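Structure first, commentary second.
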Amino acid sequence: MNKFVSILVCFFMLALASSALAQDKVITMSTTTSTEASGLLDYLLPEFTKDTGITVRVMSKGTGAALKDGMDGNADVVFVHDVAREEQFVAEGYGTQRHYVMYNDFIIVGPENDPAGIKDAPNAVEAMKRIAAAKAPFVSRGDDSGTHGRERQLWTATGLPLTDAKSPQDGQGWYFSIGQGMGEALIFAREKLGYVLADRGTYLQYKFGRTEPYELGIVYEGDDMLKNPYGVIPVNPEKHPHAKFELADTFAKWLVSERGQQVIGSYKLLGQALFFPDAK
Amino acid sequence: MDFLAESLLAALRMIWSLDPEMYFVVYVSLSVSFFSTLIASLLGVPLGFLIAVRQFRGKRVVITILNTMLALPTVVIGLFVYAFLSRSGLLGFMGLLYTPKAIIIGQVILILPWVATFTMAAVSRIDERYRNTALTLGASGMQAVLAVAREARFGILAAIIAAFGRVIAEIGIAMMLGGNIKGFTRTMTTAMALEHNKGEFVLAVALGIVLLTVSLLMNIVLQLAQGKYGDNR
């Protein structure tokens with residue numbers, strides 16, 4: 001019995017030691033679902049590890065929750081897409097500096113027969129107005145994500161009367177605020193034969209990356225208001241002394257370096273470039 | 001630690017100030033759970049009763065199936081019912097997916113086995129002679145059944161309350177079949193998951209407090225009922 005216990009203790013200590021060893025070159029990153037779901041991170045992070053020997057552990061969630069992780073000191077670096085909130089994050093001292101990394105774009109996904117007639121809308125705001133006027137089903141992420149943030153900006157720009165949550169309607173009608181991720185919102189829109197504001201990467205995954213067919217198509221794209229810039233911010237070690245600032249900063253600098261930018265630009269999903277390098 | 005205390009305070013303030021959004025979520029949860037428990041009880045209590053008092057071929061198979069169904073994960077039920085209610089599914093034409101009715105359907109499937117097996121256990125515990133005595137004293141078949149049910153009523157009540165506790169606390173079915181639509185199918189559990197996703201905790205903590213309070217009340221009712229039962233003996 002004693003022998004058994006001592007073996008157990010040995011194992012435990014070994015495990016502790018090895019995890020401590022591994023830990024000195026690991027950082028934790030909180031990021032949005034779109035970077036992970038689009039497959040970019042699976043392509044990018046191995047290259048980064050090859051160059052620097054640093055491993056990145058990824059937690060993916062909505063932009064709001066990712067920033068919250070940074071504020072609570074649960075992550076060493078955040079990689080998200082909501083410029084206003086990112087700047088506030090840095091201004092409040094939670095992050096050291098925001099680096100522009102890349103952008104991708106949002107699209108409006110909907111039924112091919114386009115019941116609200118938004119295919120020829122002059123701009124994205126007009127497209128949203130037409131959806132509201134037609135009372136066509138519209139699915140909102142409703143989860144404080146970057147995508148949801150953009151949707152709220154578009155609704156605000158339409159000048160329609162909005163609720164406190166910056167949505168044109170609440171409850172049981174044509175506007176569905178579901179508080180879930182991009183994939184769930186796309187599936188929901190298919191069920192309702194409705195419209196949804198989506199990031200292109202997740203949409204391509206659902207349209208072409210699966211065996212099951214996805215019937216909705218891109219009905220509106222290309223407006224400047226649909227551009228979606230991503231930024232990376234190391235967590236400020238002055239707020240959270242345990243944050244691994246140096247490693248996190250290495251990661252941020254690598255992303256905006258020529259090498260990192262080249263890796264981002266060369267990533268293709270189902271034959272299409274998704275992210276456009278944008279470092280300044 | 002600060003932040004837990006702060007969230008707790010803000011949550012109590014929200015409960016106190018009768019925040020309409022919060023109470024609507026509570027209302028959706030309570031009404032959906034009420035109806036699924038009601039339907040499951042109307043079906044499950046007689047079913048459990050029958051299995052307990054009748055002898056028939058395959059009785060053990062039925063009991064084994066029911067016991068297995070006790071372990072059904074909510075997400076499996078969610079997937080299964082989704083496949084039927086989805087627009088491309090068999091019952092898609094009814095347009096039930098992402099409505100409170102869809103949640104109720106899923107939840108009934110979840111707790112029906114619970115109500116049935118626990119009723120069965122409660123009734124089986126009543127001595128066979130009890131029913132026979134009632135019959136020899138001139139009770140009709142129906143009266144004898146009622147006499148047994150009367151004896152087993154607290155076991156059955158416990159089963160129903162446990163089932164209610166199970167549905168009001170579950171999230172898989174409410175999320176997959178209800179879709180967490182704000183102001184329509186958002187329940188306490190899906191709202192809490194969403195708030196956690198958003199990195200905000202006040203509403204989640206407030207709902208957690210309400211959820212526990214509801215469970216506490218249900219259990220007090222049960223305790224009171226059982227206390228009375230003890231006195232009567």
Side-chain angles (χ1 to χ4, degrees), chain A residues 30 32-33 59-75 78 80 82 85 89 111 137-146 148-149 163-165 167 169-181 184-185 187-194 212-216, chain B residues 1-4 6-7 19-21 24-25 27-28 78-79 81-89 91-102 171-172 174-204 207:
Chain A
S30 215
T32 69
T33 43
M59 300 184 284
S60 67
K61 27 186 97 172
T63 289
L67 287 172
K68 176 85 175 160
D69 271 341
M71 290 180 192
D72 294 345
N74 295 332
V78 293
V80 293
D82 189 332
R85 272 195 284 176
F89 181 80
F138 183 91
V139 181
S140 165
R141 290 277 295 274
D143 61 350
D144 262 8
S145 58
H148 183 213
T163 67
D164 294 344
S167 57
Q169 200 203 17
D170 244 0
Q172 191 183 355
W174 57 273
Y175 181 89
F176 302 95
S177 174
I178 65 166
Q180 296 184 67
E184 288 87 351
I187 295 294
F188 199 112
R190 180 186 65 176
E191 285 299 331
K192 294 281 176 194
L193 290 176
E212 209 189 315
Y214 187 78
E215 300 88 349
L216 304 185
Chain B
M1 245 357 249
D2 278 5
F3 119 94
L4 189 65
E6 269 169 36
S7 312
D19 182 79
E21 183 182 344
F24 190 76
V25 167
Y27 161 75
V28 172
L79 266 179
V81 178
Y82 182 96
F84 274 92
L85 298 187
S86 165
R87 217 163 35 77
S88 44
L91 304 175
F93 65 93
M94 297 172 75
L96 283 175
L97 191 62
Y98 303 136
T99 63
K101 284 186 191 127
I171 179 164
M175 187 65 98
M176 292 169 85
L177 301 178
N180 190 25
I181 302 170
K182 188 177 174 193
F184 186 40
T185 58
R186 185 160 296 170
T187 67
M188 289 199 263
T189 49
T190 61
M192 276 189 263
L194 167 63
E195 293 304 305
H196 172 254
N197 258 344
K198 292 203 305 203
E200 284 176 26
F201 295 96
V202 176
L203 179 58
L207 290 170

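Note that the coordinates shown come from a computational prediction; the quantities given were computed from them, not determined experimentally. Quick note on labels: first sequence line is chain A, next is B, and so on, each numbered from 1.
Annotation for B/R87 and A/R190: closest pair NH2-O, 2.9 Å, computed over non-hydrogen atoms. Across all non-hydrogen atoms, the minimal contact from A/I178 to B/N180 is O-ND2, 2.9 Å.
Taking CZ from A/F176 and OH from B/Y98, the interatomic distance works out to 10.5 Å, rounded to the nearest 0.5 Å. For the atom pair CG of A/D143 and NZ of B/K182, the computed distance is 12.0 Å after rounding to the nearest 0.5 Å. Here the straight-line distance linking atom NZ of A/K192 with atom CD1 of B/I181 works out to 5.5 Å at 0.5 Å rounding.
In this structure the side chain of A/S177 reaches within 4.5 angstrom of the side chain of B/R186, judged on heavy atoms.
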Output a table of donor-acceptor pairs, distance under 3.5 Å, between side-chain atoms of residues 60-69 of chain A and any protein atom two or more places apart or on a different chain; print 'none' if there are none.
from  : atom 1 : to    : atom 2 : distance (Å)
A/S60 : OG     : A/E36 : OE1    : 2.7
A/K61 : NZ     : A/D69 : OD2    : 2.8
A/D69 : OD2    : A/S30 : OG     : 2.7

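Judged purely by atom type and a 3.5 angstrom limit, A/E191 has no side-chain atom pairing as donor or acceptor with the backbone of B/S86.
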| Verdict with supporting geometry, B/Y82 and A/I187, side-chain contact (heavy atoms from CB on, under 4.5 Å) | CA-CA 12 Å; B/Y82 182 96; A/I187 295 294; 3.1 Å; yes
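Within the 4.5 angstrom heavy-atom criterion, no atom of B/M176 approaches chain A.
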